[in-house]
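Remarks on the structure that follows.
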There are 2 protein chains.
Amino acid sequence: MAGQKIQRQTGVALWRQIADRIRTSINHGDFDESGMVPPETTLALQFGVNRHTIRSALAALAQEGIVRAVQGRGTLIERKERLSFPISKRTRFSQGIGDQVRETRSVLLGTGEEAASAELARHLRIKTGAPLVRLETLGQADHRPVSRATSWFPADRFGGIAETYRAMGSITKAFREFGVPDYVRMVTEITATHADENDLADLQLSPGAIVLITQALNTDLDNVPVQYSISRFAADRVRFTIEN
Amino acid sequence: MAGQKIQRQTGVALWRQIADRIRTSINHGDFDESGMVPPETTLALQFGVNRHTIRSALAALAQEGIVRAVQGRGTLIERKERLSFPISKRTRFSQGIGDQVRETRSVLLGTGEEAASAELARHLRIKTGAPLVRLETLGQADHRPVSRATSWFPADRFGGIAETYRAMGSITKAFREFGVPDYVRMVTEITATHADENDLADLQLSPGAIVLITQALNTDLDNVPVQYSISRFAADRVRFTIEN
DNA sequence: TATGGTTGTCTATATCAATAGACATTTAAA
DNA sequence: TTTAAATGTCTATTGATATAGACAACCATA
């Protein structure tokens, strides 16, 4: 395990720092040979903390479903994944990761109408205050939540797209119904921050977790903006790949 | 400020969660009108915590140099920034952010020779065990550390590039000396994780901070790999912009 | 079946994190 | 100069975090 030392008196409990480190090591494949996490006493020695502190960290990871402790045997690794999301002109949620999971699904969390803010209007190249359709969706891979997205569509062109999406289960298909056979991604911004309370709930994260945020504009083939979306990904479950 | 509620008993101290939130709000420009953070009593009410807890959070931000408390007046915002890094075929550290800061600098942290691991060999399309030159650099903007990069170059073609880099102060210029007038970025992978102890030291972060990690391959104009690098960015100081 | 290695549980203690309240000090404006 | 509003400092108390040690329970295997 790389970078063994941990920080004390920083407002982040030792057990949480250690849990984060072990999760990273698991995702990195450090324990692939045995399929198990090292014994608690070994970890306690490595991290220079008490065994009880290690137990708190492992309990947190067990709560996340990442490891499972078996008395007498050790602590088994249950899950280990980081989906690779290609980011390109043809970025779609389900495409590109189809070969990595058995099932992808997009769930509608909520929808609404709102007037375009100055920022949204600038991105979508419409007037401030113009009506927008807002879509909140949850992306799942093999029944595990991966991303949480808010999308805005110009309402004058895509009024009722929420219902269409609900029926089709895919934004790509809904677009087709509205006479947009294809669309491309223009600009994507990527940032990272700590998960807020909505992230924790929707993405089933533990506090202190990281979310990767992408902001993207999709345009139709005539270069007219059709969708602006902000997506929040569980950082320990995904990796972005940019192909030029 | 969005998402007011904070999580208790999660291994992350309230004061640190609140400090992170306030830092985000400052970077988001929420307090731009006044140039000040709301009064401690107001924040205590908003976050639903004791004023002393707010004071701990603000003390941490003051330590980072982000705010400065003045008795009788309030808490002033000292610094607010998130550099925008364009990611494209022409990604360079100094280019693209030149208009956002007064000075960019790249500092050599260390250098060495090593044999190519299987993974590095695959990326650079050379034989496993082939000699590599390793460069550890620190990217600074206006004297503030922004990124920490480790780069590998095939030693048979770029032996001594460390010294050239040290003399030139730029990888682009060093490449030119080795007969590589231009180079392009092939694939970039982006992940995020918590800062490790090296990040904390080199990037001057506080524990629990987030680093954005990019892995990139640069090739010359004949499509031959010349550099593979892993860069770690302080997430609260940067934003990646992808232009298609 | 006996043993070594592992996780599970309990008690006790010290330190950090958070709350609560009171009052001092400083600044800006009435 | 007075006052209101803001930060600074102090004491006290409670709960979470971390350490320490001992022993029970369980598993694989020699």
Side-chain angles (χ1 to χ4, degrees), chain A residues 4-22 26 31 33-78 206-208, chain B residues 4-22 26 31 33-78 206-208:
Chain A
Q4 221 57 253
K5 273 176 205 149
I6 46 182
Q7 314 283 324
R8 284 158 196 266
Q9 299 171 19
T10 60
V12 183
L14 296 182
W15 64 263
R16 175 141 291 288
Q17 296 183 52
I18 291 169
D20 293 340
R21 290 264 185 110
I22 295 176
I26 289 174
F31 312 131
E33 293 185 15
S34 60
M36 299 177 74
V37 168
E40 294 170 354
T41 47
T42 305
L43 290 171
L45 210 64
Q46 284 183 354
F47 284 107
V49 300
N50 192 275
R51 180 177 154 237
H52 293 293
T53 308
I54 296 291
R55 284 181 61 73
S56 297
L58 291 177
L61 294 178
Q63 186 64 31
E64 294 180 41
I66 291 174
V67 300
R68 178 169 53 92
V70 178
Q71 192 171 19
R73 291 184 58 195
T75 303
L76 284 63
I77 294 171
E78 286 281 88
S206 52
Chain B
Q4 221 57 255
K5 274 176 203 147
I6 45 183
Q7 315 282 323
R8 283 159 196 267
Q9 299 172 23
T10 60
V12 183
L14 296 183
W15 64 263
R16 173 142 295 286
Q17 296 183 53
I18 292 169
D20 293 340
R21 290 261 184 113
I22 296 176
I26 290 173
F31 312 131
E33 294 184 15
S34 61
M36 301 178 72
V37 168
E40 294 170 352
T41 48
T42 306
L43 290 171
L45 209 64
Q46 285 183 354
F47 284 107
V49 299
N50 193 274
R51 180 177 153 235
H52 293 294
T53 309
I54 297 290
R55 284 180 62 73
S56 298
L58 291 177
L61 294 179
Q63 187 63 32
E64 294 179 41
I66 292 174
V67 300
R68 179 169 54 91
V70 180
Q71 193 172 13
R73 290 182 59 193
T75 304
L76 286 62
I77 294 171
E78 287 280 88
S206 51

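Quick note: numbers below take in every heavy atom, side chains included, and nothing from hydrogens, waters or symmetry partners. So that the names make sense, note that chain A is the first sequence line, chain B the second, and so on, each numbered from 1.
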Under the side chain to side chain contact (heavy atoms under 4.5 Å, CB included) rule, what do A:Val37 and A:Leu61 come out as? Steps first, then yes or no, please. CA-CA 11 Å; A:Val37 168; A:Leu61 294 178; over 6 Å; no

Sugar-phosphate only, base, or nothing, as touched by A:Thr75 at under 4.0 Å among non-hydrogen atoms: sugar-phosphate

To the nearest angstrom, how far is A:Arg73 atom CZ from D:dC27 atom P? 9 Å

CG of B:Asn50 to OG1 of B:Thr41: how many Å apart, nearest 0.5 Å? 11.5 Å

Send over the distance from B:Leu43 CG to D:dT7 C1', rounded to a whole Å. 13 Å

Residues in residues 52-60 of chain B with a heavy atom under 4.0 Å of DNA chain D, by number, are B:His52, B:Arg55

Could you tell me which residues satisfy side-chain contact (heavy atoms from CB on, under 4.5 Å) with A:Arg68, sequence neighbours excluded, listed by chain and number? A:Val70, A:Leu76, A:Glu78

Take atom CG of B:Leu76 and atom C1' of C:dA28, then tell me their distance rounded to the nearest Å. 13 Å

Measure from CZ on A:Arg68 to P on C:dG8 and round the result to the nearest Å. 11 Å

Take the protein atom CD1 of B:Ile18 and the nucleotide atom P of C:dA17, then report the distance between them rounded to whole Å. 14 Å

Assign each of A:Asn50 and A:Val70 to its nearest nucleotide of DNA chain D by heavy atoms, then name whichever residue's nucleotide is nearer the 5' end. A:Asn50

Rounded to the Å, how far apart are A:Leu14 CG and D:dT17 P? 11 Å

Could you pull out the closest heavy-atom pair between B:Ile18 and B:Ala57, with the gap in Å? CG2-CB, 3.8 Å

Which atom pairs link the protein and nucleotides 23-25 of chain C when you take only N or O atoms and keep those under 3.5 Å?
unit_1 : atom_1 : unit_2  : atom_2 : d
C:dT25 : O2     : B:Gln71 : NE2    : 2.7

Using modelled atom types only, decide if a donor and an acceptor are shared between the side chain of A:Glu40 and the backbone of A:Ile54 within a distance under 3.5 Å. no

Give the intermediate values and the outcome of side chain to side chain contact (heavy atoms under 4.5 Å, CB included) for residues A:Val67 and A:Ile22. CA-CA 10 Å; A:Val67 300; A:Ile22 295 176; 5.6 Å; no

Atom CD of B:Glu40 to atom C1' of C:dA20: distance rounded to whole Å? 16 Å

Atom-pair distance (CH2 on A:Trp15; P on C:dC16), nearest Å: 19 Å

Check the pair B:Leu58 / B:Arg55 against side chain to side chain contact (heavy atoms under 4.5 Å, CB included), numbers first and verdict last. CA-CA 5 Å; B:Leu58 291 177; B:Arg55 284 180 62 73; 5.7 Å; no

I need the A:Arg16 CZ to A:Thr53 OG1 distance, nearest 0.5 Å. 14.0 Å

Can you name the nearest heavy-atom pair linking B:Met36 to B:Gly74, along with the distance? CE-CA, 3.4 Å

